[in-house]
Structures are given as structure tokens and as C-alpha cells.
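Please read the structure below before turning to the comments.
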Number of protein chains: 2
Amino acid sequence: METRELRYFVAVAEELHFGRAADRLGIAQPPLSRTIAQLEHRLGVALLTRTSRKVSLTDAGAVLLAEGTAILGAIAAAERRTRSVDRPSLVLAAKAGGSNELLAKLLDAYAAEPGAVAVDLLLCEAHTRQPLLDGRADVAILHEPYDSTAGLDVEALRTESQFAILSTSHPLAGAAQLRMADVIDLPELARWPEPDGTYLPGPGVEVHNLTQLFQMIALGRAIAVMPEVVRTGLLEGLTAIPVVDAPKVTTAIAWPSHSRSRAVADLVRVATEVSSPGPG
Amino acid sequence: METRELRYFVAVAEELHFGRAADRLGIAQPPLSRTIAQLEHRLGVALLTRTSRKVSLTDAGAVLLAEGTAILGAIAAAERRTRSVDRPSLVLAAKAGGSNELLAKLLDAYAAEPGAVAVDLLLCEAHTRQPLLDGRADVAILHEPYDSTAGLDVEALRTESQFAILSTSHPLAGAAQLRMADVIDLPELARWPEPDGTYLPGPGVEVHNLTQLFQMIALGRAIAVMPEVVRTGLLEGLTAIPVVDAPKVTTAIAWPSHSRSRAVADLVRVATEVSSPGPG
DNA sequence: CGCTATCGATACCGGCCGGGTATCGCTGCC
DNA sequence: GGCAGCGATACCCGGCCGGTATCGATAGCG
């Protein structure tokens, strides 16, 4: 199976439309049809069912789509990592607006290490997992269970309970504490994008970063349940109320499991030291 | 980067010889040289340093070799899994001769499940990780910390302490218990292959499966430190003595982290049920 | 019920690229 | 210094990839 075939198949499987997929790939539609047919022939399985009006995935196609996107990400990652060997530097992916205090401590402590390399920050709107998988980042700060850690090596840094963030004018703003049942069905509960960038259907506002979320909350248009850490530096007019039965959120540092980089190992070690209780 | 380029590069990087690599790939040497040069040009990095007498890897080449073999394995896995979607069956990799009792219970219990599919057993000489990565197996039984679980999802099944296995005529055979310091430097300590099939240098006998190991031990040519489970059905003339400070060994069931197979999920659940304490 | 727009498949053609053979240039060795 | 081994280069050929033109099927519509 060639990379080209995989790229073409993934494009069609995502678009479910040969014309649009060909467009996205920058080629004409006939060679695309032919390549997919060849791939199916060689695998001996139908990947797509097509009528002249509709294209859909078979079970086998769904499997190949899942594995194929992972493989294409791994290839992109391999290229980037291979290219950047000679200029040692580290890209750390983190969520914009989140965990800033931990991040600052980590960067300071790592910079003081002997043999520290330059650390570039990749601030992501939401998910830090994708850049890790496709090689745009070497290490990522993420939050379980919100972010999936499948296929990554992970070191937990700290665990926090969660708070409801809401406008001080919200009816629930006076409560001393809340339970998930109090908030889970509220129509103003903000919705985050899924890893693929789409939103699950629902009533709440669609937000794609923390700044936007906080503005929405301040305007009384949204509420959210978030880890304790975002309380620091909360906007005027917002309040945080503990949600006692919300699942604990673990802030963790993650890296590709086959990473052999000295710099990554150092950064992870510093991260655990910085976040562990005790002096330092 | 195309799969073909990656295959070619990995062949050269492993052989460190263009002629042999071309031979292994079934092509002539000139197109191989040309393809590698193109790859280097496109990546903008030297992957190999060649004199007319010797080929060696650059740092960048070492990175690409590591990532490339993983990618090629993933591609092979994707093909196999895609092909076998329509004929649901499951391949379980296990070490030949190890954990047989657990294995039997697992297979029996799973077969009794509603919706169980056929389970094929892949009995490996040593490492069950590789067949999992390259798609020859869907699930594997492995032992931490002996086997690396990087990139896999793992469910621990049971944890055991370790025993020294030795001939009854061995000088240490009479001891009630041992410590690692008693055995670690013994010249007859058997050596297992690394994941790549090679052996680390050392004095001990090179063994590649349990049967062979036990024969060597019975002959007084070797000793080994192994999990408790191998005591059941120990050969005549062998004895097992607890090594009190040896690291605990965890038997675990592992599967590729992006697996979405119902059958795998069922098998893992049954495995945890079968191995958990209590009735059943 | 037929016209039409849409969409994937097919037919066919041209250029590029991947693979082959022949050969060169370099290097270590007897 | 002759020779053998090895990778690079030169050059040719055929197949495959991508393009245009067109077909066949189907859903929507009046």
C-alpha cells in the first residue's frame, strides 16, 4: 500500500464525495476513482459503496480510514522529526490560556537545566494531541480524561477537582457548591469541538478557545465545568463554584511513545519535579 | 514521503550496504541509490554517510529508521486488519509454553460469550509485541516489565513474584529463598533475545524459548529468573526458589490503542474477569 | 413521464518516473 | 600498482499516473 493511495482514500473517505476529494487533492476525478478501485482490488475488499448519488464507507473502509489517518500522521511526524534532528529544539504544545502558571514554572526550570535546548511553544485552540501525533510538537500538556492519550506515553503532573464557571449574575452563582446534575442539562452549557473539529449537536454555545468561552460566560450566554486551575486570573464578573461530583482532571505531559530524545526526557523529568509537592 | 521510499531506506539502513539491500528488495542497485538520494534531497537532510567502503547512519537517519520501521509495521497492520474485517476472527499472540493455564481459561470463557468469534492462537518464541504492531495479531498476552508496552493499550491481569529456576543439583538448589545479588552475576544465567532478535553480549547460554531453556537448566547449563506461573508443570529435576527482591512481573493483555473491534473489547473484558480474584 | 443536473466510471492519450544495463570513480588490499 | 568491491552516474525503456472527453445511472422536477 503506497502513501499516495492512502492519502487519496482518506480524502474520499472524509469527503464521501469523489469530486470534492479530487479537488482537495488537486487532481482530476477520474485518476482518483481509478486509484481507489486499484486499492480495493489489491486489498480484495470493498472500501466504499457508491451509487451515482451517494458514497459511503464499508466496515473495511471505516477500519482503513482510522488506521490510515494515524499512519499519515505518523509519516508527517517522521518527516518533521527527521528534518529537525540537526537543529535541536523542542516544540511543546499547550492549550492557549490554560495552565499558564505551571507552564511558566516548567519553562523556567527546564531552561536552567544543563544541556537545555530551545523550547518553542505551540499554543493550540483546543486539542494538543493532534500536533503531537503528526510531529508538529514533540511534547504536549494535556488533560485527562478530556484528551485521549492512546498511543502516547504520559506522565501525570497534578490532579484537580472541577469548578463550574459562570457569570456572577447567573441564578446558580450564589451556591456554595454544585453537583453535575445541577449543570449537565443546562441549555447554556458550552460545547467544545471534538478532535476532528466538529461539534456534537446540542443546545449550548459552540466555543473554540478559553478566551471566547470566558467572554460568552461573562455575557451570560454560557457556563462551563473546568479544572480548578482556570480560576487564577478569572475575568471580572465570573465566578467559580466547586462541582463536588465532577470527575477529577489530571494535567499530564505526554510524548510519542517511541521518542528517544534526550531533550524530551529532560523536559518530562523537570515537569514532574516542578509539579510534585515539596520545595522547588 | 512514499511507502516505497521508506521501504528502500529501511532496507539500506538495516543492511548498511546498498548491494545487499537492493538484493533483499529484489531490485537493482542503481535505482536504489537514486531513490535514497531523492529522499535525502526532499527531506533536506543526509540520512547516510557513504564512503566507497562503508555506509553508516547519520543522526537523522537513525531517527527515520526508528520511525520508519514503526510506520511500515503500521501499514502492514492496516492492510491485514482492513482485509480481515469481513471474516471476523481474532488472532491472540502468546508466548509458547507460558501462562498456559490462564490462556486455557481465557479461551474457554471467551468461547462461551455471546457473539464470540473464532480465536486463532499465534504462539511466539519470545516477543509478542512485534506481531501486534505489524497486524499479525489483534491481541497479545505479555509480561511487564520484560515486554515494552509503548504504543499499546494494556490491561493488567495478574502480578506475580519471581522465582529462580534451576537444576536440583545446582549448588543453590537447597536455599529456601534467594536475592537478586545471588544470581545476577552467575555465568550460567540464560540470555533472552532482544526484540530485534539479537542477543546482548554476556557469558550465559542463548535461549530462544521456554522448552529450550528448561532443557538447558535440566542439563545444569543454565539458570533463569522467571514469574511464578512457570512453576506449574515444571520438568523433573528442576526446582523453583523464590527470589524475594526480584521485580514483580505483571501478566497483561495488550492491543493496539486505536482498536475499535468489538471482539477485542470482549476478549479483554473476559480476560480481566477470568483473572480477577473471586468466583468464576 | 421525460428533461436535466449531478456524479462516479470508462476510454484514451501523453509525459514522467521507476527500473533495468553498462560503466565510472573511489578506496582498501594483496 | 593491479585488483576487487562498492556506490554513483549515464542512458534507455515501459508502465503508471494524471489529464480530457464522454458515458451511464439516478434523483429531482415540472
Side-chain angles (χ1 to χ4, degrees), chain A residues 1-62 64-65 68 71-72 75 79 82, chain B residues 1-62 64-65 68 71-72 75 79 82:
Chain A
M1 197 164 47
E2 289 302 311
T3 308
R4 186 183 61 92
E5 299 172 310
L6 213 44
R7 272 198 311 272
Y8 287 10
F9 170 72
V10 167
V12 176
E14 286 179 356
E15 299 283 347
L16 293 177
H17 190 291
F18 279 74
R20 278 196 300 274
D23 213 35
R24 184 173 124 185
L25 292 166
I27 62 171
Q29 168 259 320
L32 178 57
S33 289
R34 192 177 52 193
T35 302
I36 301 290
Q38 277 171 3
L39 179 59
E40 288 178 310
H41 184 72
R42 265 195 288 192
L43 289 175
V45 201
L47 300 171
L48 301 161
T49 55
R50 31 305 213 179
T51 69
S52 64
R53 306 301 292 173
K54 195 165 183 305
V55 175
S56 54
L57 282 173
T58 64
D59 289 349
L64 188 60
L65 175 58
I71 289 170
L72 293 179
I75 290 175
E79 291 187 9
T82 303
Chain B
M1 197 164 47
E2 288 303 311
T3 309
R4 186 183 60 92
E5 298 172 310
L6 214 43
R7 271 197 313 271
Y8 286 11
F9 170 71
V10 167
V12 177
E14 286 180 354
E15 299 284 347
L16 292 178
H17 190 292
F18 279 75
R20 279 197 299 274
D23 213 35
R24 183 172 125 185
L25 293 166
I27 63 171
Q29 169 258 321
L32 178 57
S33 289
R34 192 176 53 193
T35 302
I36 301 290
Q38 278 171 2
L39 179 59
E40 287 178 311
H41 183 73
R42 265 195 288 192
L43 289 175
V45 199
L47 300 171
L48 301 162
T49 54
R50 24 321 209 169
T51 70
S52 66
R53 306 301 292 174
K54 195 166 184 305
V55 174
S56 54
L57 282 172
T58 64
D59 288 350
L64 188 59
L65 175 59
I71 289 170
L72 293 179
I75 289 175
E79 291 187 7
T82 303

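This is a predicted model, so every value here is computed, not measured. All chains are named by letter (A, B, ...) in the order of the sequence lines, taking the proteins before the strands, and each is independently numbered beginning at 1.
- Atom CG of B:Leu39 is separated from atom P of C:dC17 by 16 Å (rounded to the nearest Å).
- Counting only N and O atoms by type, the side chains of A:Thr49 and A:Ser56 include a donor and acceptor under 3.5 Å apart.
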Query raised in the report: Should B:Glu40 and B:Arg50 be marked as a salt bridge (charged side-chain N to carboxylate O under 4.0 Å, His left out) after you check the CA-CA gap, both sets of side-chain angles, and the distance that decides it?
Result: CA-CA 13 Å; B:Glu40 287 178 311; B:Arg50 24 321 209 169; 3.0 Å; yes

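- In this structure, CD of B:Gln38 is placed 15 Å from P of C:dC16, rounded to the nearest angstrom.
- Atom-to-atom distance recorded for A:Phe9:CZ and A:Leu43:CG is 9.0 Å, nearest 0.5 angstrom.
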Heteroatom pairs (N/O) under 3.5 angstrom, protein to nucleotides 6-9 of chain D:
from: D:dC6; atom 1: OP1; to: B:His17; atom 2: NE2; distance (Å): 3.1
from: D:dC6; atom 1: O5'; to: B:His17; atom 2: NE2; distance (Å): 3.3
from: D:dG7; atom 1: OP1; to: B:Phe18; atom 2: N; distance (Å): 3.0
from: D:dG7; atom 1: OP2; to: B:Phe18; atom 2: N; distance (Å): 3.3
from: D:dG7; atom 1: OP2; to: B:Gly19; atom 2: N; distance (Å): 3.1
from: D:dA8; atom 1: OP1; to: B:Arg50; atom 2: NE; distance (Å): 2.6
from: D:dA8; atom 1: OP2; to: B:Ser33; atom 2: OG; distance (Å): 2.6
from: D:dA8; atom 1: N7; to: B:Gln29; atom 2: NE2; distance (Å): 2.9
from: D:dA8; atom 1: N6; to: B:Gln29; atom 2: OE1; distance (Å): 3.3

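- Going from atom CD1 of A:Ile27 over to atom C1' of C:dG8 covers 14 Å, rounded to whole Å.
- With A:Glu14 contributing its side chain and A:Ala11 its backbone, the two residues share no donor-acceptor pair below 3.5 Å.
- Summarising the geometry, the separation between OH on B:Tyr8 and C1' on C:dC17 is reported as 12 Å, rounded to the nearest angstrom.
- The CG-P distance, from B:Asp23 to D:dG5, rounds to 15 Å in whole Å.
- For the side chain to side chain contact (heavy atoms under 4.5 Å, CB included) criterion with A:Leu47, the lone passing option out of A:Leu39, A:Asp59, A:Leu57 is A:Leu39.
- When rounded to the nearest whole Å, the span between NE2 of A:His41 and C1' of D:dC16 equals 15 Å.
- No donor-acceptor distance shorter than 3.5 angstrom exists from the side chain of A:Thr35 to the backbone of A:Glu5, with no hydrogens or angles considered.
- Rounded to an integer number of Å, the gap from A:Glu2 CD to D:dC16 P is 13 Å.
- Rounded to whole angstrom, the span from the CD atom of A:Glu5 across to the P atom of D:dC17 amounts to 8 Å.
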